[in-house]
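Reviewing the structure listed below.
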Amino acid sequence: MRAITLTQHGGPEVLTVSEVEDPLPGPGEVLVRTRRTGVNFIETYQREGVYDVELPFTPGTEGSGEVIALGEGVDSLQVGQRITTSQGRATYAEKFVVDADRVVVVPESVSDDAAGALSLQGFTAHYLTRSTFPVGPETTAVITAAAGGVGGVAIQLMKRQGATVIGLTSSQEKADTARSLGADHVLPYEGFADAVEEITGGRGADVVYDSVGKTTFDESLAAVHLRGMVVLFGGSSGQVPPFDLQRLNAMGSLYVTRPSLNAYMHTEEERQWRAREMFEAIEDGLKIRVGGTYSLDDAAQAHRDLESRRTQGKLLLTF
Ligand code: NDP
């Protein structure tokens, strides 16, 4: 089969296609014929060598497609079923292997693009707004990168729960997108804590979902009210440096958490609940936006576009 194989670290140009052996599903695993591969920031860090990976290396954990072979002992899935996962192995390839208990079966009503774009960003938006800090009609929530993949889904989910949503974006175009997805207010990053205070009549937000990290974290703390929560779920601008917990005391008994998707997709029951709610929302009109589709040969361009900060929505490799 054809796969992206990194033999050296570097810029997008090191993402080249080569012929490799088909992977074999081990006990408890299934083999999937790829239809969509999600392109994510983590693969740019692996490509550059910022995250340690052993070469040669085929990137990718997010993928969707059709089950074409079952490993020993798998009885929860059947050949021919369409699945999606954020926990596959080496998904920048025409076929990939994944643990049978790390997938979600996709209903017919959901398109290949939506299935491919859902696993990482969609389920993240779900756990953030339904589990980490569950929003409701009384909630005022701030979300960074509001026109981004996670941000765009999170806005829609929060509006469905009746929350007031304040989105942060870096351009007018992205602000228009965030508004079109339902954000009640859209602000630039500069001075957003003061603007949130003004919008909330001096109270502050209940929660800030912050994926930008280094450049926003301090203002996120300042934007929440007494006993409010900052959910730091990414570091698109860089990682937040070590942090003195006494600051939370001084700022009004604040809560900070640093969650990850795998911890919120931990049990079969939880995975199926999130999947059911997301599929129902999609059938009910929730938009999963695809910001670009690329062939495997154009994976380098997908990385260039992702790193440009100009894309909106999910970037997918299509097969
Ligand atoms: P996005 O579509 O949100 O893209 C990243 C966005 O971050 C950009 O569009 C940009 O939006 C904003 N941004 C702010 N500063 C920078 C910068 N210096 N360089 C680049 N972008 C910047 O990506 P995703 O929706 O895929 O992911 C969002 C974040 O969530 C990422 O940090 C990702 O690692 C994290 N994540 C965390 C998970 C978890 O479980 N903890 C799971 C999945 C993703 P703007 O221009 O409007 O600021």
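Residue numbers start at 1 and run along the sequence shown. Everything numeric here is computed off the predicted structure, so don't read it as measured data.
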(request) Hey, could you give me the OG/CE distance between S119 and M265, rounded to the nearest 0.5 Å? (result)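 Atom-to-atom, S119:OG and M265:CE are 7.0 Å apart.
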Over all atoms of both residues, closest heavy-atom pair of [X] and [Y]:
| X | Y | value |
| --- | --- | --- |
| T61 | T91 | N-OG1, 3.3 Å |
| S170 | R309 | CB-NH2, 3.5 Å |
| G38 | L316 | CA-CD2, 4.0 Å |
| I288 | A117 | CG2-CB, 3.4 Å |
| R258 | L232 | CD-O, 2.7 Å |
| L31 | P23 | CD1-O, 3.6 Å |

(message) When you measure from the side chain of E277 to the backbone of R274, do you find a donor-acceptor pair of N or O atoms at a distance under 3.5 Å?
(response)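 No.
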Cationic N near anionic O, under 4.0 Å, [X] to [Y]:
| X | Y | result |
| --- | --- | --- |
| R179 | D184 | no |
| R47 | E307 | yes |
| D101 | R271 | no |
| D244 | R247 | no |
| D112 | R82 | yes |
| D113 | R36 | yes |

(request) Sort out for me which residue in T129, V150, T144 forms a side chain to side chain contact (heavy atoms under 4.5 Å, CB included) with Y209. (result)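 Among the candidates, only T129 passes.
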(request) Only one of V196, V207, L254, D206 passes side chain to side chain contact (heavy atoms under 4.5 Å, CB included) with H225; say which it is. (result) D206
(request) Decide side-chain contact (heavy atoms from CB on, under 4.5 Å) for I199 and I166; before the verdict, give the C-alpha distance in whole Å, the side-chain angles of both, and the deciding distance to 0.1 Å. (result) CA-CA 9 Å; I199 289 169; I166 304 173; 4.1 Å; yes
(message) side-chain contact (heavy atoms from CB on, under 4.5 Å), that's the test. Do V104 and T85 meet it? Break it down for me.
(response) CA-CA 6 Å; V104 165; T85 184; over 6 Å; no
(request) Please write out which residues are connected to M1 in a hydrophobic cluster, directly or through intermediates, given that two of Ile, Leu, Val, Met, Phe, Trp, Tyr count as joined at side-chain heavy-atom separations below 4.5 angstrom. (result)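 When side chains under 4.5 Å apart are linked, the cluster holding M1 also contains V20.
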(request) List, by chain and number, the other hydrophobic cluster members for Y45, where Ile, Leu, Val, Met, Phe, Trp and Tyr join if side-chain heavy atoms come within less than 4.5 Å, directly or indirectly. (result)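 Members alongside Y45: I4, L6, V14, L15, V17, V39, F41, I42, V50, Y51, V53, L55, F57, Y92, Y294, L296, L306, L315, L317, F319.
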(request) Verify the neighbour count for atom CD of E270: are there more than 12 heavy atoms of other residues, nucleotides or ligands below 6.0 Å? (result) yes
(message) Run the salt bridge (Lys or Arg N to Asp or Glu O under 4.0 Å) test against D298 and tell me which residues pass, sequence neighbours left out.
(response) none
(message) Go through it in stages, so that I can follow the logic: the residues are S211 and S236, the test is side-chain hydrogen bond (donor to acceptor under 3.5 Å, both in side chains), and I'd like the CA-CA distance, side-chain angles, deciding distance and then a yes or no.
(response) CA-CA 6 Å; S211 66; S236 297; 4.6 Å; no
(request) Just do the ring pair (Phe, Tyr, Trp, His ring centres under 6.0 Å) check on F133 and Y255 with the steps written out, would you? (result) CA-CA 11 Å; F133 187 102; Y255 294 83; 9.1 Å; no
